[in-house]
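Contents: one structure, followed by commentary.
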Amino acid sequence: MSTSVSSTKARILEVAAELVANSPDGDVSTRAVCEAAGVGAPALYRHFGDKEGLLSAVVDHGYEKYLTTKRSRRPGTDPIQDLRDGWDTHTDFALRNPNLYRLMNSPAMRTPPAAALESHRILTADLRRAAEQGKLRLAPELAAQMIMSANVGVSLMLVSRPTTFTDETLSRRIRDAVHAVVFTPEAMGPETTSADDEETGAEDEEAGAEEVLPATATHLAALLRRTPRPDFTPGESALLGEWLDRLSNTTPE
């Protein structure tokens with residue numbers, strides 16, 4: 001790609017990103033982008049295909065700085081704390097970039113931006129580390145869907161309905177509630193076990209066993225994926241993995 005072509009594409013992208021950030025509703029027209037960038041419509045369509053392609057590129061461009069911090073972050077010894085921090089930085093990014101965030105999660109975006117997919121992969125990788133340490137109640141893939149859904153949901157409400165969702169502790173409260181469902185009580189800390197829970201422990205022994213089973217299956221599945229056993233054939237390993245995944249995603253009755 002020649003320097004002039006590259007600079008034209010970069011100029012269109014920068015202008016579009018600025019217009020999105022300053023737009024009252026987060027939307028922009030291709031005509032406005034072309035006029036502000038000083039290019040014709042054919043140049044915009046040549047580089048980005050259509051409006052959706054342009055907006056998807058704007059999202060990836062704006063989200064790149066956020067992802068850079070995640071990529072460069074060294075995993076800590078405690079994946080639970082890493083996941084708490086990841087939730088908080090996600091919400092903070094949404095609050096600082098409301099139009100970009102709404103655009104990124106808009107139903108109108110038929111193809112998920114690459115940035116959103118990468119963010120989900122990073123989350124899943126952190127959850128797999130938690131599973132390897134026996135701190136996860138269910139399969140990492142399902143846990144990632146639960147956490148991402150809740151994180152995106154609360155962030156969208158905070159940026160879309162700021163006059164309704166005014167509690168500054170809302171995101172943290174929802175984070176802790178979701179994490180309490182996803183992680184084992186031991187991983188969440190002793191504060192998650194109340195005196196009432198201890199008094200009724202014997203009565204709930206059977207229910208507790210049902211809750212331990214998915215966590216145990218998740219832990220074993222993570223360890224086997226990290227270090228496959230030579231004792232099993234590939235077919236046996238696949239079958240065992242399928243059984244463990246089923247147990248990992250079992251909902252206690």
Side-chain angles (χ1 to χ4, degrees), residues 16-17 20-21 23-28 51-73 75 79-131 135-183 187-188 249 251:
V20 166
S23 170
D25 58 2
D27 192 23
V28 295
K51 181 179 177 179
E52 182 179 338
L54 172 64
L55 294 180
S56 183
V58 167
V59 168
D60 288 335
H61 174 72
Y63 211 50
E64 180 63 25
K65 292 181 180 178
Y66 168 67
L67 285 179
T68 298
T69 63
K70 282 187 169 288
R71 295 189 198 108
S72 61
R73 171 182 60 83
I80 307 301
Q81 187 58 52
D82 287 345
L83 287 157
R84 288 193 185 104
D85 294 341
W87 177 294
D88 293 341
T89 56
H90 183 118
T91 304
D92 181 66
F93 174 83
L95 292 173
R96 289 186 291 104
N97 304 273
N99 283 350
L100 181 66
Y101 192 79
R102 282 194 295 267
L103 177 62
M104 185 171 123
N105 294 284
S106 171
M109 301 288 284
R110 296 187 298 273
T111 302
L117 297 176
E118 183 175 356
S119 179
H120 194 91
R121 286 193 295 269
I122 293 172
L123 170 62
T124 304
D126 283 340
L127 286 163
R128 285 177 179 149
R129 287 197 298 122
K135 297 180 177 181
L136 211 56
R137 288 178 184 259
L138 62 167
E141 293 75 18
L142 177 58
Q145 293 177 38
M146 293 172 64
I147 292 175
M148 187 62 77
S149 297
N151 202 174
V152 170
V154 69
S155 297
L156 280 174
M157 289 300 97
L158 290 172
V159 301
S160 301
R161 305 284 187 273
T163 58
T164 301
F165 296 86
T166 57
D167 189 338
E168 294 182 356
T169 67
L170 179 64
S171 178
R172 177 178 55 80
R173 289 174 183 271
I174 294 177
R175 178 201 68 190
D176 291 347
V178 173
H179 283 186
V181 175
V182 169
F183 302 123
M188 293 298 291
N249 296 328
T251 302

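Predicted model only: the values in this text are computed from it and were never measured.
- Pairs of residues two or more places apart, or lying in two chains, never qualify as ring-ring contact (aromatic ring centres under 6.0 Å, His included) while including a residue from residues 135-165.
- Counting only heavy atoms from C-beta outward, the side chains of I147 and L127 approach each other to under 4.5 Å.
- Atoms OG and CG, on S155 and L170 in that order, are 9.5 Å from each other to the nearest 0.5 Å.
- In terms of heavy atoms, V159 sits closest to P162 at O-CD, 3.9 Å.
- Distance check, rounded to the nearest 0.5 Å: NE2 of H179 to CH2 of W87 gives 6.0 Å.
- Note that the CE atom of M157 and the OG atom of S171 stand 13.0 Å from one another [nearest 0.5 Å].
- In terms of the side-chain contact (heavy atoms from CB on, under 4.5 Å) criterion, residue partners of R128 (sequence neighbours excluded) are, by chain and number, T124, P140, E141.
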- Check step by step if side chain to side chain contact (heavy atoms under 4.5 Å, CB included) holds for R129 and D82. CA-CA 10 Å; R129 287 197 298 122; D82 287 345; 2.7 Å; yes
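- For E168, there are no side-chain contact (heavy atoms from CB on, under 4.5 Å) partners two or more places apart in sequence or in a different chain.
- Distance check: T166 OG1 to L158 CG gives 9.5 Å after rounding to the nearest 0.5 Å.
- Separating the CG atom in L83 from the CG atom in D88 is a distance of 11.0 Å, to the nearest 0.5 Å.
- Here the side chains of M146 and L138 are in contact, with some heavy-atom distance below 4.5 Å.
- The stretch residues 145-162 participates, sequence neighbours left out, in no salt bridge (Lys or Arg N to Asp or Glu O under 4.0 Å) pair at all.
- With contacts defined as side-chain heavy-atom distances shorter than 4.5 Å, the pair D167/R173 qualifies.
- A donor-acceptor distance shorter than 3.5 angstrom exists from the side chain of N97 to the backbone of F93, with no hydrogens or angles considered.
- The two residues A144 and L123 come nearest to each other via the heavy atoms O-CD2, 3.5 Å.
- In this structure, V182 and A143 approach most closely via the heavy-atom pair CG1-CB, 3.6 Å.
- With values rounded to the nearest 0.5 angstrom, M104 atom CE is found 9.0 Å from L156 atom CG.
- Annotation for A130 and P79: closest pair CA-CG, 3.7 Å, computed over non-hydrogen atoms.
- Taking both residues in full, the closest heavy atoms of V178 and A150 are given as CG2-CB, 3.7 Å, listed atom of the first, atom of the second, then distance.
- For the ring-ring contact (aromatic ring centres under 6.0 Å, His included) condition, the pairs that include at least one residue of residues 96-126, sequence neighbours left out, are H90-Y101.
- In this structure, S149 has no side-chain contact (heavy atoms from CB on, under 4.5 Å) partners at least two apart in sequence or on a different chain.
- Nearest heavy-atom pair, V28 versus V20, reported as atom, atom and distance to 0.1 Å: CG1-N, 3.7 Å.
- With hydrogens and angles disregarded, a donor-acceptor distance shorter than 3.5 Å links the side chain of R137 to the backbone of F183.
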- Message: If you apply the rule side chain to side chain contact (heavy atoms under 4.5 Å, CB included), what do you find for N99 with D27, and how did you get there?
- Response: CA-CA 8 Å; N99 283 350; D27 192 23; over 6 Å; no
